[in-house]
Amino acid sequence: MSKTLITSILVCWFSIFAGNVLAQQVEVELGPDQIGLNETFTIKISVANEKIKSYDQFPDIPSFQKQGISQSSSMNVINGQVTSSNSIIQYYKPTRKGTFTLPAFSITINGNQFDFQGKEITVGDAVSNQQSSGGGFFDPFSDFFGRTQEEPEYIELDDEAFFSVTVDKEEIYAREGFTVALAFYMSENNQAPFNFYKPGEQLDDVLKKIKPTQAWEENYNITNIEPEQVTINGKRWVRYKVYEATFFPFSEGTIEIPSIPWEMIKYRVARNPSFFGSNRQEDFKTFYSSPKTIKVKPLPPHPLRNEVAVGQFQLRENISNLEVETGQGFNYNFGISGVGNINSISQPRLISGGSLNTYDPNVRQQINRGYGRVSGIKEYSYYITLNEPGEVDLGNHFEWIYFDPVQAVYDTLRPSAKIQVVGESKTNQAISNQRLGGIYDRIGAEDNKFSNERYKYYFGTAINILLLLTVILLSVLIIRNK
């Protein structure tokens with residue numbers, strides 16, 4: 001390999017390494033130690049040779065109010081080497097005079113955390129404009145030619161946006177589901193720039209106000225706030241959904257959802273944007289949703305009114321055999337699918353009588369949450385034996401009762417499967433096994449242990465009877481001798 005090629009490779013690697021080092025240079029510049037009551041304190045963080053793509057919240061300072069954030073950038077060319085600096089500035093306004101402490105703080109910028117030292121700030125009497133020196137609400141930046149650039153004037157744009165709490169039903173039956181969605185909307189013509197402000201923390205506070213206390217919740221678990229195109233009254237909007245869930249109230253009554261505040265970052269923009277200066281400033285705006293009322297009605301009278309599931313359901317059967325021999329078992333699945341609270345579905349009622357024998361079923365369920373509703377299936381798997389030949393209609397042995405809120409009626413799901421049973425009757429054998437089942441069932445498992453235990457039982461009983469007869473005989477002999 002030639003020396004020229006090796007040198008070129010080393011220079012290339014050095015340039016990449018040096019670029020990465022420069023990209024990681026972060027500096028902080030704190031405002032002056034002393035300011036007037038009418039002046040502004042600033043925290044300025046600068047990143048060399050890298051754009052500021054993301055950052056978290058600046059620290060709070062006791063007795064100071066945050067006044068907004070601005071961004072700026074600058075570029076220098078020295079001996080053909082181009083360097084850049086990108087900055088974010090947080091402005092603070094004091095609320096009273098005194099000495100206050102900015103504690104040490106950490107800020108995550110572009111995914112990396114940086115730690116900075118704090119300082120003490122003394123706030124004195126208000127000063128005149130002639131006395132003010134650097135504490136005002138501006139930050140000087142040098143433009144490409146080294147001239148000083150004035151802080152631009154920021155203006156607030158009119159917005160076409162709103163925050164909404166929507167419900168899909170305003171009147172339901174007890175245990176019927178209704179869906180609640182929280183979303184921020186912007187029209188496609190909106191010009192005001194927005195960003196979300198601590199959505200997780202805000203949502204925690206909101207849910208304390210809107211969740212019904214006596215209801216089952218099926219949360220749709222929104223993890224990412226994604227834009228969706230929707231049309232409302234013929235107008236196109238961009239919807240950012242932050243929460244969605246379906247609630248199933250346990251009893252009748254009224255559910256009140258109050259007006260909900262939702263705070264967004266709304267940027268003010270520079271009246272005369274510049275290439276190197278800050279062209280927008282962080283501000284806040286609170287939106288309020290309209291209140292909602294949901295009336296929960298009681299179910300109509302029925303012996304099982306307090307037990308049945310409420311929803312729209314269908315029966316999905318699955319059977320292993322339609323023809324079986326007497327005494328042999330087969331598998332039968334009683335599946336309940338539809339829209340409603342799948343968790344609350346209880347097993348079908350087994351109608352007694354006949355020659356059908358079964359045990360407690362295995363249970364499996366699947367729940368789907370989406371498109372504003374909760375749906376799914378719950379399956380009960382039975383193992384069944386039949387002891388008499390002939391045709392057996394499973395519809396005479398299983399039934400499941402529910403309430404349909406759309407039709408406002410109680411309905412019953414029954415199997416349609418019919419089983420052909422062939423062979424000799426095994427009913428007497430089954431009865432014999434049930435009568436002696438305790439003994440016969442244990443013979444194979446217990447082996448000689450069972451016989452030994454039984455022998456000990458009879459032997460002990462015989463000894464007790466013999467002792468009792470001996471005592472009686474001795475008593476009779478004593479009486480005669482007297």
Please walk me through it: do S46 and E27 pass side-chain hydrogen bond (donor to acceptor under 3.5 Å, both in side chains)? CA-CA 5 Å; S46 302; E27 295 181 352; 5.8 Å; no

Applying side-chain hydrogen bond (donor to acceptor under 3.5 Å, both in side chains), run through E317 and S416 and close with a yes or a no. CA-CA 8 Å; E317 297 179 86; S416 60; 2.8 Å; yes

Stepwise side chain to side chain contact (heavy atoms under 4.5 Å, CB included) check, L182 with I210: CA-CA 10 Å; L182 280 65; I210 71 169; 3.7 Å; yes

Full working for ring-ring contact (aromatic ring centres under 6.0 Å, His included) between F162 and W237: CA-CA 10 Å; F162 65 94; W237 297 78; 5.1 Å; yes

Does the pair K66 and D60 meet the rule for a salt bridge (charged side-chain N to carboxylate O under 4.0 Å, His left out), with working shown? CA-CA 8 Å; K66 290 180 178 178; D60 294 324; 3.3 Å; yes

For Y382 and F398, run ring-ring contact (aromatic ring centres under 6.0 Å, His included): C-alpha distance rounded to whole Å, both residues' side-chain angles, the deciding distance at 0.1 Å, then the answer. CA-CA 11 Å; Y382 294 89; F398 294 93; 4.9 Å; yes

Go through the steps for D411 and Y402 under the test side chain to side chain contact (heavy atoms under 4.5 Å, CB included), then give the verdict. CA-CA 6 Å; D411 204 348; Y402 71 100; 3.5 Å; yes

Show your reasoning for whether side chain to side chain contact (heavy atoms under 4.5 Å, CB included) applies to L30 and T42. CA-CA 6 Å; L30 303 180; T42 59; over 6 Å; no

With side chain to side chain contact (heavy atoms under 4.5 Å, CB included) as the test, would you mind laying out the steps for I257 and I294 before giving the verdict? CA-CA 8 Å; I257 299 179; I294 299 94; 4.0 Å; yes

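A perpendicular orientation is assigned to the rings of F287 and F184, their planes being inclined by more than 60° (bins at 30° and 60°). Taking the six-membered ring for Trp and thresholds of 30 and 60 degrees, F334 and Y332 have ring planes more than 60 degrees apart, a perpendicular arrangement. Ring geometry, F41 versus Y92: the interplanar angle falls from 30° to 60°, so the pair is classed tilted.
Dense packing is recorded around CD of E228, with more than 12 heavy atoms of other residues, nucleotides or ligands lying under 6.0 Å away. Heavy-atom contacts from other residues, nucleotides or ligands closer than 6.0 Å to CD of E188 number more than 12. The number of heavy atoms from other shown groups lying within 6.0 Å of CD (E217) is above 12. Within 6.0 Å of the NZ atom in K97, the count of heavy atoms belonging to other residues, nucleotides or ligands does not exceed 12. The number of heavy atoms from other shown groups lying within 6.0 Å of CZ (R373) does not exceed 12. Atom NZ of K119 has more than 12 heavy atoms from other residues, nucleotides or ligands within 6.0 Å.
Of all heavy-atom pairs between P300 and Y410, the closest is O-OH, 2.6 Å. Here the shortest heavy-atom pairing between A174 and V310 reads O-CG2, 3.5 Å. Looking at every heavy atom in both residues, V206 comes nearest to P261 through CG2-O, 4.3 Å.
Note that the CE atom of M186 and the CZ atom of R236 stand 14.0 Å from one another [nearest 0.5 Å]. Here the CG-CG distance, from L356 to N396, works out to 10.5 Å after rounding to the nearest 0.5 Å. The OG1 atom of T213 lies 12.0 Å from the NZ atom of K211; values are rounded to the nearest 0.5 Å. For the atom pair NZ of K378 and CD1 of I336, the computed distance is 8.5 Å after rounding to the nearest 0.5 Å. I121 contributes atom CD1, which lies 8.0 Å from atom OG1 of T101 (distance to the nearest 0.5 angstrom). The line from CZ of F105 to CZ of F58 is 7.5 Å long, rounded to the nearest 0.5 Å.
Looking only at side-chain heavy atoms (C-beta outward), F114 and I109 come within less than 4.5 Å of each other. Side-chain contact between Q57 and Y197: present, with at least one pair of heavy atoms (C-beta onward) separated by less than 4.5 Å.
The main-chain N or O of G395 is found under 3.5 Å from a side-chain atom of D393 such that the two form a donor-acceptor pair. N38 contributes a side-chain N or O that, together with a main-chain N or O of V127, makes up a donor-acceptor pair within less than 3.5 Å. When atom types are taken as modelled, the side chain of K292 and the backbone of V180 share no donor-acceptor pair closer than 3.5 angstrom. With Y240 contributing its side chain and P227 its backbone, the two residues share no donor-acceptor pair below 3.5 Å. Side-chain N or O atoms of S259 include none that pairs as donor or acceptor with a backbone N or O of P291 at under 3.5 Å. Between the side chain of R305 and the backbone N or O of L299 there is at least one donor-acceptor pair closer than 3.5 Å. A donor-acceptor pair under 3.5 Å links the side-chain atoms of S320 to the main chain of N331, judged by distance alone. With hydrogens and angles disregarded, no donor-acceptor distance shorter than 3.5 Å links the side chain of T231 to the backbone of G234. Remark: the backbone N or O of E226 is not paired with any side-chain donor or acceptor of N224 at under 3.5 angstrom. A donor-acceptor pair under 3.5 Å is formed between the side chain of R175 and the backbone N or O of V308.
I367 pairs with exactly one of I377, N341, I342 by the side chain to side chain contact (heavy atoms under 4.5 Å, CB included) rule, that one being I342. A salt bridge (charged side-chain N to carboxylate O under 4.0 Å, His left out) with K297 holds for exactly one of E252, E171, E170; it is E171. The one candidate from D159, T286, D283, N195 that meets the side chain to side chain donor-acceptor pair (under 3.5 Å) condition with K266 is D159.
Under 3.5 Å, the side chains of N343 and E218 contain a donor-acceptor pair of N or O atoms. Inspection of the E307 and S346 side chains reveals no N or O donor paired with an N or O acceptor under 3.5 Å. Defined by atom type and a distance below 3.5 Å, a donor-acceptor pair is missing between the side-chain atoms of N189 and E160. A side-chain donor from one of T179 and T246 sits under 3.5 Å from a side-chain acceptor of the other. A donor and an acceptor atom, one from each side chain of E50 and N86, are nowhere located under 3.5 Å apart. In this structure, a donor-acceptor pair under 3.5 Å is absent between the side chains of E399 and T412.
For the salt bridge (Lys or Arg N to Asp or Glu O under 4.0 Å) condition, no pair includes a residue of residues 104-114, sequence neighbours left out.
Here the two rings, on F313 and W400, have centers that are under 6.0 Å apart. Residues Y359 and Y383 place their aromatic rings such that the two centres sit no closer than 6.0 Å. Aromatic pair Y185/F163: centroids not less than 6.0 angstrom apart.
We find that E176 and K169 are joined by a salt bridge, their nearest charged nitrogen and carboxylate oxygen being less than 4.0 Å apart.
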